[in-house]
> 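Here it is, the structure in full.
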Amino acid sequence: MIELKNVSFSYYLPEKVDVIKNINLIINKGEFLVIIGRNGSGKSTLGRLISFILEPTEGEIIIDDKKPKIDIDYIDIRKKIGMVFQNPDNQIVSQIVEEDIAFGLENLNYSEEEIENKIDEVINEVNLAEYRKFPPNFLSGGQRQKLAIAGILVMEPQYLVLDEPTSLLDPKGRKDVIELIKRLNNEGITIILITHRMEEAVLGDRVLVLNEGEIFLEGKPEEVFKEVEKIRSVGLSPPVFTYLSYLIKKENINIDIKLWKLEEIKKEILQLKLKI
Ligand code: ADP
């Protein structure tokens, strides 16, 4: 569990800019939490705080009941939690896929055999086994992002924070990376996904809407996206069929505002037509 208690964060540029304002949040083990919010709302900063890359200016963050620097040092926190960024190329450091995966294990006193075993396990997990001896720039964007994730998975983290990991990828790359994220969550890794794609946001157990550094809405995706007007008031668009049901309801037609799937809403609209 990661617990944020009255967490605030300011950048000094050199004047003080308050970016995260008094956030209280508990992220449970095994959860899939999605963070959304318009550009500049503080998502990346919050992601870096949750990953312990940034330290709060005020308040504290506790991981598995341990206070950093008091009960747990940063080396052990790094093993528990990994962060993946938008651009995989900033995270890839070696000229060969397998070397890149093993990079984080260097200096950790593993035997060659242990390293080989860990690479085997992770490379299969991310479906890159056939590219083991290839240079990373031979891979597609989606494959390179999966390689970046592999470099973190090899450290066996319990928490994974991903900051817009699909935003530079084509549709196939996006689909592959999201499938991998879902699989990792099913295998027990706690996921914190920052995204601006609503079709990704609806996959979470919980969605947190950030606005001007504060939690604006929080709940299950169906509960959060039902609040169409609130979502729009902070510069976000609800999922397209949720918005469609909202517009239909505004015409005094009896329809639920919820996370419709294409087939469901098609059926519903056809029935509505019959009733009219
Ligand atoms: P988001 O991820 O929602 O776009 P960010 O956390 O990146 O939001 O940024 C929130 C605010 O903090 C923005 O106004 C941004 O300009 C500012 N900011 C982000 N990173 C830095 C930094 N390294 N130094 C100074 N200001 C920053």
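Here the structure is a predicted model, which means the values were calculated and not measured. Only heavy atoms go into these numbers, but all of them, side chains included; no hydrogens, no water, no symmetry mates. Read the numbers this way: they start at 1 and go in the same order the structure lists the ligands and their atoms.
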> Begin from the C-alpha positions of T195 and E200 and carry the test side chain to side chain donor-acceptor pair (under 3.5 Å) through to its verdict.
CA-CA 7 Å; T195 184; E200 294 175 3; 2.6 Å; yes
> Protein heavy atoms near atom 25 (C) of ligand 1, is at least one of them under 4.0 angstrom away?
yes
> Give the numbers and elements of all ligand 1 atoms closer than 4.0 Å to a heavy atom of R38.
3 (O)
> Going by the angle between their ring planes, with limits at 30° and 60°, are F138 and F134 parallel, tilted or perpendicular?
tilted
> Looking only at non-hydrogen atoms, find the nearest pair between I119 and A102 and report the distance.
CD1-CB, 3.7 Å
> Are any of the N/O atoms on L13, whether in the backbone or the side chain, positioned under 3.5 angstrom from an N/O atom of ligand 1?
no
> Is it true that G37 lies under 4.0 Å from ligand 1, counting heavy atoms only?
no
> Starting from atom 23 (N) of ligand 1, what is the nearest protein heavy atom, named by residue and atom, and what distance separates them?
Y11 CE2, 3.7 Å
> Hey, which atoms in ligand 1 end up nearer than 4.0 Å to a heavy atom of T45?
5 (P), 6 (O)
> Within a distance under 4.0 Å of any heavy atom of N39, pick out the atoms of ligand 1 and give their elements.
4 (O)
> In the protein, which heavy atom is nearest to atom 8 (O) of ligand 1, and how far is it?
G42 N, 3.1 Å
> Heavy-atom distance from atom 16 (O) of ligand 1 to the protein below 4.0 Å?
no
> Out of I192, I181, I152, which one pairs with L160 under the side-chain contact (heavy atoms from CB on, under 4.5 Å) rule?
I152
> State, without any angle test, whether S41 and N211 hold a side-chain donor-acceptor pair at a distance under 3.5 Å.
no
> Exactly one of I63, I50, I189 should register a side-chain contact (heavy atoms from CB on, under 4.5 Å) with Y159. Which one does?
I63
> Give the numbers and elements of all ligand 1 atoms closer than 4.0 Å to a heavy atom of K43.
1 (P), 2 (O), 3 (O), 4 (O), 6 (O), 8 (O)
> Out of K79, K80, K118, R78, which one pairs with E156 under the salt bridge (Lys or Arg N to Asp or Glu O under 4.0 Å) rule?
K118
> Any carboxylate oxygen within less than 4.0 angstrom of a Lys/Arg side-chain nitrogen, looking at E116 and R132?
yes
> Nearest protein heavy atom to atom 7 (O) of ligand 1, by residue and atom, and its distance?
S44 CB, 3.6 Å
> Quick one: does V19 get an N or O within less than 3.5 Å of an N or O on ligand 1?
no
> Side chains of R232 and V228: does their closest heavy-atom pair fall under 4.5 Å?
yes
> Provide, to 0.1 Å, the distance between atom 14 (O) of ligand 1 and the closest protein heavy atom, together with that atom's residue and name.
G40 O, 4.3 Å
